[in-house]
Amino acid sequence: MQIGQLARHAGVNIETIRFYERIGVLPPPQRQGNGRRLYTDTDAQRLGFVRHARELGFELSAVRTLLALQEQPGASCEDASRIAQSQLAEVESRIARLLRLRDELSRMVSDCQRGKVAACRVIEALASSSVLRPPRILTKRKPS
């Protein structure tokens, strides 16, 4: 299949496929005489593996390790379990931060009297340096 077909099949952008090739997550594809990339079902399966791992939040370094482990079916899965446990801990940490954020926003909204801005609890809470602010939730995301 060609790159467009692979992208549609895997549900990723064409540029994502090219990026994964550049960084070595996907092997260089075969080329037709006109230079167009040709992909196999094995390539599609590998891309599906990478996409699913990225959807679960695994960093590319972890994806590389998991791909290497996949190539050794007789090896212990201890490393894969360790990587997954680390990702689970990160997800639980993010959930805790989001819950704190929700609680703070809920408190701000419930304290709001919906009167004049001069007496607005939302504006006051945001302007107050004494309000406990949850850590930023944003994380760097690389193309999936």
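All values derive from a computational prediction rather than experimental measurement. Scope of the values below: all heavy atoms of this structure, side chains included, with no hydrogens, waters or symmetry mates.
- There is a path of hydrophobic side-chain contacts, each under 4.5 Å, that joins L56 to V63.
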* Begin with the C-alpha distance, continue with both residues' side-chain angles, and end with the deciding distance and a verdict on side chain to side chain contact (heavy atoms under 4.5 Å, CB included) for L60 and R54. => CA-CA 8 Å; L60 283 171; R54 297 291 289 148; 3.8 Å; yes
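- By the 4.5 Å heavy-atom criterion applied to side chains, L67 and R64 are not counted as neighbours.
- Salt-bridge annotation for R94 and E90: present, with a side-chain N of the basic residue lying under 4.0 Å from a carboxylate O of the acidic one.
- Under the 4.5 Å side-chain criterion, counting only non-hydrogen atoms from C-beta, L101 is not in contact with R97.
- Side chain of R51 to main chain of A10: a donor-acceptor pair is present (N/O by atom type, distance under 3.5 Å, no hydrogens or angles).
- Remark: R46 engages no residue in a side chain to side chain donor-acceptor pair (under 3.5 Å) (not counting sequence neighbours).
- Within the model, atoms CG of D43 and CD of E21 stand 8.5 Å from one another, a figure rounded to the nearest 0.5 Å.
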* To do: Determine, stepwise, if the pair I17 / Y39 fulfils side chain to side chain contact (heavy atoms under 4.5 Å, CB included).
  => CA-CA 11 Å; I17 296 171; Y39 297 93; 3.6 Å; yes
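- Between R82 and E78 no salt bridge is recorded (no basic side-chain N to carboxylate O distance below 4.0 Å).
- No continuous path of ILVMFWY side-chain contacts below 4.5 Å connects L66 to V91, so the two sit in separate hydrophobic clusters.
- A 6.0 Å sphere centred on CD of Q5 holds more than 12 heavy atoms belonging to other residues, nucleotides or ligands.
- Rounding to the nearest 0.5 angstrom, the gap separating the CD1 atom in I3 from the CD atom in E15 is 7.5 Å.
- Under a 3.5 Å cut-off, the side chain of E71 and the backbone N or O of A68 do not form any donor-acceptor pair.
- A distance of 11.5 Å separates OG of S81 from CG of L88, quoted to the nearest 0.5 Å.
- Looking at Q2, its side chain never comes within 3.5 Å of a backbone N or O of R36 through a donor-acceptor pair.
- The nearest pair of heavy atoms linking I14 to G4 is CD1-CA, 4.1 Å.
- Minimum interatomic distance between A44 and M1 (heavy atoms only, all atoms of both residues): CB-CE, 4.2 Å.
- Rounding to the nearest 0.5 angstrom, the gap separating the CG atom in L6 from the CG atom in L38 is 11.0 Å.
- The side chain to side chain donor-acceptor pair (under 3.5 Å) search around D111 returns R107, not counting sequence neighbours.
- The line from CD of Q32 to CZ of R37 is 12.0 Å long, rounded to the nearest 0.5 Å.
- D103 and S106 are not linked by any side-chain donor-acceptor pair at a separation below 3.5 angstrom, with hydrogens and angles left out of the test.
- For the atom pair CD (Q72) and CG (D79), the distance works out to 9.0 Å, reported to the nearest 0.5 Å.
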